[in-house]
**Student:** 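The structure that follows is given in the form of structure tokens.
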Amino acid sequence: MARVYNFSAGPAVLPEEVLRQAASEMLDYRGCGMSVMEMSHRSAAFKGIIEEAEADLRELLGVPESYRVLFLQGGATLQFAAIPMNLMRPRPDGSSGTADYIVSGSWSKKAFKEAKLYGEARCAASSEDGGFSYVPDADSLDLSPDADYVYICQNETIYGTRYPKLPDTGNVPLVSDASSMFLSEPMDVSRYGLIYGGAQKNIGPAGVTIVVVRDDLVRDDVLPFTPTIMRYKTQADAGSLSNTPPAWGIYVCGLVFKWLKERGGLAAARERNEEKARVLYDYLDQSKLFKGTARKEDRSLMNVPFVTGSDELDARFVAEAKAAGLESLKGHRSVGGMRASIYNAMPREGVEALVRFMERFEAENR
Ligand SMILES: *Cc1c(COP(=O)(O)O)cnc(C)c1O
């Protein structure tokens, strides 16, 4: 058995130590005589798993007491609808709630489009005219002070950008889709009203979505047609156990939280991630063949898109890299080119192997 270096954007690489532990506990979870997949989500064993996962996540991310942590299903995409349904407040005169969306790529564009189904979503800034190669300037946004929230996608998985600086939204809650950067670096949770992410990018298997939401945004007076299961209040009151949760996925996320804690928490994770990104960007910046596609100031530490300028050469690169054990380097189907996702679990050696391969490919194809 040989494991490859997996640069997939998601589902993505998980720490080998975590996979080994999950494998060793597969048939008999700590004397229960069954796997986590098979046990009741109401059992004492599972209660221990979800409570410990939440406690570890709170410790890692420094989640204040005044925030709820929810383990949900439906992917990040379901949150595109759940956020306006839960956070938009109809006005006393009967008009709909409002929200400001900053559109910095495909994911925020989708979220914006979805929000318009439920209320008045406004585009406060967009970088679409620049091919989403940059993040709109946080200091020159057209924000309305009476919006119910301001929405950003903090790390753009497809275009490889991230906010170098958060917008100042005053008293308006900031909502962040952090799917592809969740737990890759420390975040000051108190600056947000809500942070959410699908687990399959950086923290676990597909099927778990984590929502960290401030207490005052967990309310009964949501838009009236909001399905019961999509109300944050429902899941907050039930400790994420209103219905059957993605139990095995939560367990693996919990193992990843422990893995991160053992390695010095999020500040240490950021250091490792900055170092890995530097190895790749330093090479890209001097390469005569490959070119990074995101603006330098806004480049992501997690997702690194690049091109050669020739579709034919790009395709050959992806195929030859795969043959060399460097997997899933093809860019998103909407943009083409290449993309290396270098999440927490990608070791530095993987990035170094990629750079060595790129150097060789460049020498052979100039
Ligand atoms: C992958 C991704 C999504 C969509 O996640 P699903 O879990 O597939 O719904 C949303 N936002 C960002 C930033 C992503 O990277």
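Quick note: numbers below take in every heavy atom, side chains included, and nothing from hydrogens, waters or symmetry partners. Counting starts at 1 for both ligands and their atoms, in listed order.
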**Student:** Mind checking whether A76 has an N or O less than 3.5 Å away from an N or O of ligand 1?
**Tutor:** yes

**Student:** Is C153 touching ligand 1 with its side chain, its backbone, both, or neither, if touching means heavy atoms under 4.0 Å apart?
**Tutor:** side chain

**Student:** Below the 3.5 angstrom mark, is there an N/O of T77, backbone or side chain, next to an N/O of ligand 1?
**Tutor:** yes

**Student:** For T157, take its heavy atoms, then give the atoms of ligand 1 lying under 4.0 Å from any of them.
**Tutor:** 12 (C), 13 (C), 14 (C), 15 (O)

**Student:** Charged N to carboxylate O below 4.0 Å: is that the case for E275 and R348?
**Tutor:** yes

**Student:** Out of L141, D177, I102, which one pairs with I152 under the side chain to side chain contact (heavy atoms under 4.5 Å, CB included) rule?
**Tutor:** I102

**Student:** Please identify which atoms of ligand 1 are closer than 4.0 Å to at least one heavy atom of Q200.
**Tutor:** 5 (O), 6 (P), 7 (O), 8 (O)

**Student:** Could you give me the CA-CA distance, side-chain angles and deciding distance for K258 and E52, then say whether salt bridge (Lys or Arg N to Asp or Glu O under 4.0 Å) is met?
**Tutor:** CA-CA 10 Å; K258 295 253 184 257; E52 205 165 317; 2.7 Å; yes

**Student:** Is R162 close to R299 at the side-chain level, that is, under 4.5 Å between some pair of heavy atoms?
**Tutor:** no

**Student:** Name the residue from D216, D146, D221 that meets the salt bridge (charged side-chain N to carboxylate O under 4.0 Å, His left out) definition with R89.
**Tutor:** D221

**Student:** How far is atom 4 (C) of ligand 1 from the closest protein heavy atom, and which atom is that?
**Tutor:** W107 CZ3, 3.5 Å

**Student:** My understanding is that we take every heavy atom of each candidate and find the minimum distance to atom 2 (C) of ligand 1. Doing that for Q154, K110, H332, K201, which one comes out nearest?
**Tutor:** K201

**Student:** Can the positive tip of K201 be found less than 6.0 Å from the middle of the six-membered ring of W107, inside 45° of the ring normal?
**Tutor:** yes

**Student:** Charged N to carboxylate O under 4.0 angstrom, R191 versus D188?
**Tutor:** no

**Student:** Ligand 1 versus D177, non-hydrogen atoms closer than 4.0 Å: side chain, backbone, both, neither?
**Tutor:** side chain

**Student:** Below 4.0 Å from ligand 1: does a non-hydrogen atom of G75 turn up there or not?
**Tutor:** yes

